[in-house]
Amino acid sequence: MNNSAAPTSAPAEAASAGHFIRQIVAEDVRTGKHGGRVVTRFPPEPNGYLHIGHAKAICLDFGMAAEFGGRCHLRMDDTNPTKESMEYVDAIRTDVRWLGFDWGEHFYYSADYFERMYEVALDLIRQGKAYICALSSEEFKVYRGVPTQPGLESPSRHRPVEENLDLFRRMRAGEFADGALCLRAKIDMASPNLHLRDPVLYRIMRVSHYRTGDAWCLYPMYDFAHPLEDAFEGITHSLCTLEFEVHRPLYDWVVAQVSPADPPHQYEFARLNLTYTVMSKRKLLQLVQEKLVSGWDDPRMPTLCGMRRRGYPPVAIRAFCETVGVTKYGSLTDMALLEHAVREVLNRTAPRRMAVLKPLKLVLENISAGETRTVAAVNNPEDESLGTRQVPFGRELFIEQDDFLEVAQKKFFRLTPGQTVRLRAAGFVTCTGFTKDPASGAITEVRGEWFPAEAELKVKATIHWVSAAHALAVEVRLYDRLFRVEEPDADKDADYKAHLNPDSLRVVKGYVEPALAAAAPGDAFQFERLGYFCADSRDSRPEALVFNQTVSLRDAWAKLSKPG
RNA sequence: UGCCCGAUGGUGUAACGGUAGCACAGCAGACUCUGAAUCUGCUUGUCUAGGUUCAAAUCCUAGUCGGGCAACCA
């Protein structure tokens, strides 16, 4: 279910409109920088599934390209084989496509540039700009120094070029143990920016790479690989998150080695933080591995596959990303903003159906048993083109337990002895009595007298129902926030898992109207007066339907009745 | 503490030297065959102190607070 192609944003009019990145790109296009080209890239590391935070970056990267007539590359930033796999590559492609973006021909792997990067490294060595360092990682840290004090030069720093060249080739040939040597850029051990204190460019790592296999035992570091990839691909605007801000001088240094004429530029923006969830891949992986959720696509996860399974339309996620904007301020966005975007789309598009999740039998005493009628129900009052459907109706209905009260509290407009309500699409009912289990005090049945719609009775409430004789028994999964607190990982080292919401998943048996029998996985509906639901893409089968709650409807009554 | 970045209602943002606006959330009301949606109204904000200027959220300086950096991770 992909609601539309790329999002439509305001075209590049004034260079001063929109967020700061849009302004920069617009200005560059206006002044003819990069020959007026706009080439961006989304460079995930295939070591986890994409989440809503990535969606923000994807919308920005692909959005800027689309808006300014450029292109956006999808690139697997796979320079560390220890955690990367093809499973993640496939999932990433699926998710980006699902979000509504198209990279065309421009799908790349960093690993495909390994040979080229190696050549650049050799070149750097020849120019005396890089050397083979023999410091252990412990020594390395000591020599690097601390922010307040300059670092110390490695004893290897002035190794002759020929020796560096020889060593580097032998490193590639596998003559040295992991970590025994590394290639370092020769920049400035006294720089106040730690990243410029002769950063490591290559490390020895005997790990099989999911793409290059055992071809390499030498892998480039992000700070070396990333700018090269951007330069190789002719990227113009390299957009990344704030934590890379201090890497920018190094990015520029590397880029200057290979693309001095028309270098790509890196711009940083704040990553997305959402209330009541965590966004780090490490933590999400942990939730999966420790089976605290059912998988990466658990509908409670902030992953794109989780949201897809939950029933969030991609167009809603894109609208949400446009709403949160792009700034350099580290913010915490209220989940309510996302849910609003989802409701807004679903309200317009989701067909209405009736479902009862806490069933209570209602007997209409003036309708004879065994008699089946049908009533026409509107599919979506927001969209007349969706027409109506026939819904079976009869003497015995299921209604929601919450829609009956033995003794009405203030402002309770629903069913209570003597009170009349409208039955959605099926006339009216006046409550004439009820049966109570003397032992438990539970209401076991409600009785009423039915009136046709033509009676036009004045009522203050409408309740939904399903015909007991025709109802489909289904499983419904009700979701609440994954964590109980707004910032589960606010405490640096306190265990965020202690804040997991034990009630984030509730499974109930409910009844739905027969029209839902045809629900295909992923199909979204509004269960009237309850919320938006979709057929679960993993577990729902025609003979055993399973629905996921996407998001509830706003509920003014819940707020009213809670205090009392 | 060294360097870098940032700060506008409860939240997310806009305003680019000239009336602080929008959305979410909240509250109140209208309407309603969904206590939904829709509509109306309301509450709440420029971190502080100086300076520049006819005029500062915007420019400058200092401070305060917050974030980032100190993996042979990305």
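Chain letters run A, B, ... following the sequence lines, proteins first, then strands; residues in each count from 1.
- The separation of B/U48 from B/A7, taken at their C1' atoms, amounts to 12 Å, rounded to a whole angstrom.
- Within 4.0 Å of A/F412, counting heavy atoms only, lies at least one base atom of the nucleic acid.
- Stem regions annotated for RNA chain B: B:2-7 with B:64-69, B:10-13 with B:21-24, B:26-30 with B:38-42, B:47-51 with B:59-63, counting only runs of 3 or more consecutive pairs of Watson-Crick or G-U type with both contacts under 3.5 Å.
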Might you list the N or O atoms of the protein lying below 3.5 Å from N or O atoms in nucleotides 24-28 of chain B, with each pair's distance?
{"from": "B/C24", "atom 1": "OP1", "to": "A/H340", "atom 2": "NE2", "distance (Å)": "3.3"}
{"from": "B/G26", "atom 1": "OP1", "to": "A/K559", "atom 2": "NZ", "distance (Å)": "2.5"}
{"from": "B/G26", "atom 1": "OP2", "to": "A/R554", "atom 2": "NH2", "distance (Å)": "3.3"}

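- On the C1' atoms, B/A20 is 36 Å away from B/G35, given to the nearest whole Å.
- Side chain A/E382 to base B/U38: no donor-acceptor pair is found below 3.5 Å.
- For B/A49, the base is anti relative to its sugar; the glycosidic angle deviates from 0 by more than 90°.
- Annotation: B/U43 and B/C60 have their C1' atoms spaced 36 Å apart (nearest Å).
- Using atom C1' as the reference point in both B/G21 and B/G9, the two lie 12 Å apart (nearest Å).
- Nucleotides B/G45 and B/A14, compared at atom C1', are 13 Å apart to the nearest Å.
- Under 4.0 angstrom from either OP1 or OP2 of B/G35 there lies at least one side-chain N or O belonging to A/R529.
- Under the side-chain contact (heavy atoms from CB on, under 4.5 Å) rule, A/V429 has a single partner from A/L364, A/V459, A/T420, which is A/L364.
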Sugar-phosphate means primed atoms, P, OP1 and OP2; the rest is base. With that split, encode nucleotides 68-74 of chain B 5' to 3' as B, S or - using protein heavy atoms under 4.0 Å.
-> BSBSBSB

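- Remark: the separation of the P atoms in B/A56 and B/C47 is 15 Å, to the nearest Å.
- Side-chain nitrogen and oxygen atoms of A/T327 include at least one within less than 4.0 Å of the OP1 or OP2 phosphate oxygen of B/U13.
- Candidate nucleotides B/A15, B/U13, B/U34 were compared by shortest atom distance to the side chain of A/Q23, and B/A15 ranks first.
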